[in-house]
Amino acid sequence: KAGVTQTPRYLIKTRGQQVTLSCSPISGHRSVSWYQQTPGQGLQFLFEYFSETQRNKGNFPGRFSGRQFSNSRSEMNVSTLELGDSALYLCASSLGGGGYQPQHFGDGTRLSIL
Amino acid sequence: AQSVAQPEDQVNVAEGNPLTVKCTYSVSGNPYLFWYVQYPNRGLQFLLKYITGDNLVKGSYGFEAEFNKSQTSFHLKKPSALVSDSALYFCAVTLRGDDKIIFGKGTRLHILP
């Protein structure tokens with residue numbers, strides 16, 4: 001079974017631009033979560049989608065948004081990029097429903113802001 | 001509010017020695033507990049989980065963890081460390097019925113040859 005796929009793996013943008021990251025979950029997984037990982041702040045939860053609905057949201061500004069499609073694929077968008085948005089963005093999928101299913105992570109998109 | 005604490009930023013262990021990576025949690029209900037490992041330039045990989053039943057759970061790569069309800073701890077252990085175990089380890093918790101997962105800040109494990 002194919003794992004979680006994130007594209008692109010690496011991205012370089014400049015301040016003020018916007019970016020869209022893509023995540024294809026494991027087949028059959030309906031829950032997709034996004035995380036930001038930086039050396040200083042560690043792993044921070046952005047949001048979680050289940051069956052196209054945002055179920056949980058972390059403490060990030062409105063510049064960070066996401067969506068999930070009917071095939072469970074998800075995208076994350078960051079507008080008006082800032083230097084501090086440089087990070088590894090991780091997507092994780094799970095079967096969802098009850099909290100006991102482990103999350104399966106992609107290898108991330110490393111975003112660098114110049 | 002739920003929280004997970006990993007009190008050590010880094011743990012150094014000599015190859016062949018037993019290792020322990022500590023995790024304590026604070027939740028208002030019954031938790032599900034997880035350990036994940038992250039290798040450089042990779043996503044997190046699931047190692048093991050505690051759902052219910054036996055307090056000692058075994059997982060991938062020879063790792064195990066012990067759930068201690070009275071101490072609200074879920075320490076990760078391995079009897080004999082390998083250099084290849086060097087990585088970043090995350091403890092995580094969810095509540096029954098809620099898929100929102102809370103991660104600890106991570107512990108970097110260095111196994112010295």
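Because the structure is a prediction, the values reported are computed rather than measured. Below, all heavy atoms of this structure are taken into account, side chains as well, without hydrogens, waters or symmetry copies. By convention in this document, chain letters (A, B, ...) are assigned in the order of the sequence lines, proteins followed by strands, and residues within each chain are numbered from 1.
The closest donor-acceptor contact from the side chain of Asp107(A) to the backbone of Gly43(B) lies under 3.5 Å. Remark: side-chain polar atoms of Tyr36(B) are paired, donor with acceptor, to backbone N or O of Gln103(A) under 3.5 angstrom.
Atom CZ of Phe64(A) has more than 12 heavy atoms from other residues, nucleotides or ligands within 6.0 Å. For Asn59(A), the CG atom counts as loosely surrounded, since its 6.0 Å shell holds 12 or fewer non-hydrogen atoms of other residues, nucleotides or ligands. Counting heavy atoms of neighbouring residues, nucleotides and ligands inside a 6.0 Å radius, atom CZ of Arg55(A) exceeds 12 of them. Counting non-hydrogen atoms of other residues, nucleotides and ligands closer than 6.0 Å to CZ of Arg15(A) gives a total of 12 or fewer. Enclosure of atom NZ in Lys22(B) is not indicated, since only 12 or fewer non-hydrogen atoms of other residues, nucleotides or ligands lie within 6.0 angstrom.
No side-chain heavy atom of Ile101(B) sits under 4.5 Å from any side-chain heavy atom of Glu48(A). You'll find the side chain of Gln37(A) reaches within 4.5 Å of the side chain of Leu88(B), heavy atoms only.
Only the side chain of Gln38(B) comes within less than 4.5 Å of a heavy atom in chain A; its backbone stays farther off.
When hydrophobic clusters are built by joining Ile, Leu, Val, Met, Phe, Trp and Tyr residues whose side-chain heavy atoms come closer than 4.5 Å, directly or via intermediates, Leu83(A) is grouped together with Val78(A).
With respect to chain A, the highest number of heavy-atom pairs below 4.5 Å among Leu95(B), Ile102(B), Asn41(B) belongs to Asn41(B). Among Thr94(B), Ile51(B), Val93(B), Leu44(B), the residue with the largest count of heavy-atom pairs under 4.5 Å with chain A is Leu44(B).
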